[in-house]
Amino acid sequence: MLGDLAVRRLRLSFVRALAAAAVITIEGCGPLPMNYLDTKGASADPVTGLGWGLLGISVAVVTIISILLFWAIFRRRGSPQPDARGRIPLEPRGTQLYWIYIGVAISVIVLFATTVWTLRVLAQVMHPPVAPALTIQIDAHAWWWEARYQNGDSSSTFTTANEIHVPVGRVVRIELTSQDVIHSFWVPQLAGKMDVVPGRTNVTWIEALAPGRYRGQCAEFCGVEHAHMAFYVIADAPADFDRWWRHQLTSASSGLPGQVLFETNCAACHTVRGTSAHGIAGPDLSHLATRETLASGTVPNDSEHLDAWIRDPQAVKPGTTMPTLALSGPDRHQITTFLMSLK
Ligand code: CUA
């Protein structure tokens, strides 16, 4: 048997371990990039409210039942008295069935209320409150995201990849298609998940309520690089968004010597507007230097990482369809310099 002192020490070390774990968790995470409890989207906020509400109800139910259970176990009752013939009655204090009726009635009321609340939230997030200001067609590939912007005028249509800009406070219609397997489009701070299925177009919508950079992630296992199929939604003030859109339409060509090498080696898969590279198998790289990450959020976008990515894509993202090209160091350096100039 453990002595009193040993038990106290054990309790103390348990409390210390819990406190240390909490500190490590809080310090280690920093601001959570995909915190679904801190939403900033018109179609995510009602779901967060519902989530907190259901959590509160669940905690209340568990607490009340635990209290009643302990009360039932520990309350003191006198022993039932035998009747004149020496038998002990089964129901010494008369029927107590009314407790069952009360319990069932409370459960029915609570479950009915939460069902109505859930259905209301579902109806709220199903359709946007106003007509969308623009449509973005998002095409999922293993393992990256292609985003096509259009506003009905073909001269202002363009394509980008993995970083999706939207205007704050405007409803954006998102049309989702897939080129290969089933993926799932998920930006937890802005909207719920939507499957991306080959052969059909699923539609969802987002409305960012605050400017910011929101991380998204493929949420359906889609192969070896599923975890590296991230993306960002960047919510800009409407004026900044318009400026960004106009900038995307400009020619990205910089005329650096690396451009010819790029057109020779990379044009089969990639497009850079203003050059002769019009490939569509890989991401559109026009204005690549304005993006913050490479390979769908896998590494930061800078000369060093870009060079490593071109040198040995499999080392950065094993399984990627980006081929390893037989380029000399100086040629690769020129291509990297050209791509980094695409502001
Ligand atoms: Cu795409 Cu998981």
Side-chain angles (χ1 to χ4, degrees), residues 29 32-39 41 43-44 47 51 125 135-149 158-166 172-206 208 212-235 269-271 279-286 288 291-301 305-306 308-310 312-324:
C29 294
L32 297 171
M34 294 180 64
N35 187 355
Y36 57 85
L37 298 175
D38 178 23
T39 48
S43 73
V47 181
V125 302
T135 296
I136 306 175
Q137 291 174 330
I138 293 182
D139 210 359
H141 302 251
W143 294 275
W144 59 282
W145 303 87
E146 181 174 1
R148 205 167 303 114
Y149 286 72
F158 66 91
T159 302
T160 180
N162 302 328
E163 295 193 7
I164 301 159
H165 285 249
V166 298
V172 178
R173 176 183 160 95
I174 307 274
E175 294 180 355
L176 296 157
T177 50
S178 169
Q179 285 299 309
D180 33 56
V181 295
I182 300 176
H183 304 271
S184 177
F185 181 84
W186 190 37
V187 201
Q189 287 186 282
L190 298 182
K193 292 172 190 169
M194 178 60 80
D195 274 359
V196 190
V197 183
R200 59 170 293 147
T201 303
N202 281 351
V203 177
T204 185
W205 62 281
I206 53 178
R213 190 175 160 79
Y214 303 99
R215 188 181 164 99
Q217 171 68 43
C218 176
E220 178 86 32
F221 181 72
C222 55
V224 63
E225 284 301 330
H226 158 70
H228 283 150
M229 193 168 165
F231 59 99
Y232 286 88
V233 173
I234 296 118
C269 298
H270 296 286
T271 293
I280 53 166
D284 187 309
L285 301 181
S286 311
L288 173 73
R291 298 179 204 160
E292 289 193 20
T293 65
L294 292 170
S296 271
T298 307
V299 289
N301 184 16
H305 285 96
L306 182 58
W309 172 233
I310 298 171
D312 188 0
Q314 297 301 324
V316 176
K317 192 168 174 176
T320 177
T321 47
M322 163 103 165
T324 308

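In this text the structure is predicted, and so the values were computed from the model without any measurement. Start at 1 and go down the list; that is how both ligands and their atoms are numbered.
- Look at His226 and atom 1 (Cu) of ligand 1: no N/O/S atom of the residue is under 2.8 Å from the metal.
- A distance-only check finds no donor-acceptor pair linking the side chain of Thr201 to the backbone of Leu176 [under 3.5 Å].
- If you check the side chains of Thr160 and Asp284, you find no donor sitting under 3.5 Å from an acceptor.
- The SG atom of Cys218 and the SD atom of Met229 subtend an angle of 110° at atom 1 (Cu) of ligand 1, given to the nearest 10 degrees.
- Taking backbone and side-chain atoms together, His183 has no N/O/S atom less than 2.8 Å away from atom 2 (Cu) of ligand 1.
- Judged by distance alone, the side chain of Lys317 and the main-chain N or O of His228 form a donor-acceptor pair under 3.5 Å.
- Ring-plane geometry between Phe185 and Trp145 is classed as perpendicular, the angle between the planes exceeding 60 degrees on a 0 to 90 degree scale with a lower cut at 30.
- Counting heavy atoms from C-beta outward, Arg213 and Glu292 have side chains that approach closer than 4.5 Å.
- When the N, O or S atoms of Glu220 are ranked by distance to atom 2 (Cu) of ligand 1, O comes first.
- None of the N, O or S atoms belonging to Ser184 lies under 2.8 Å away from atom 1 (Cu) of ligand 1.
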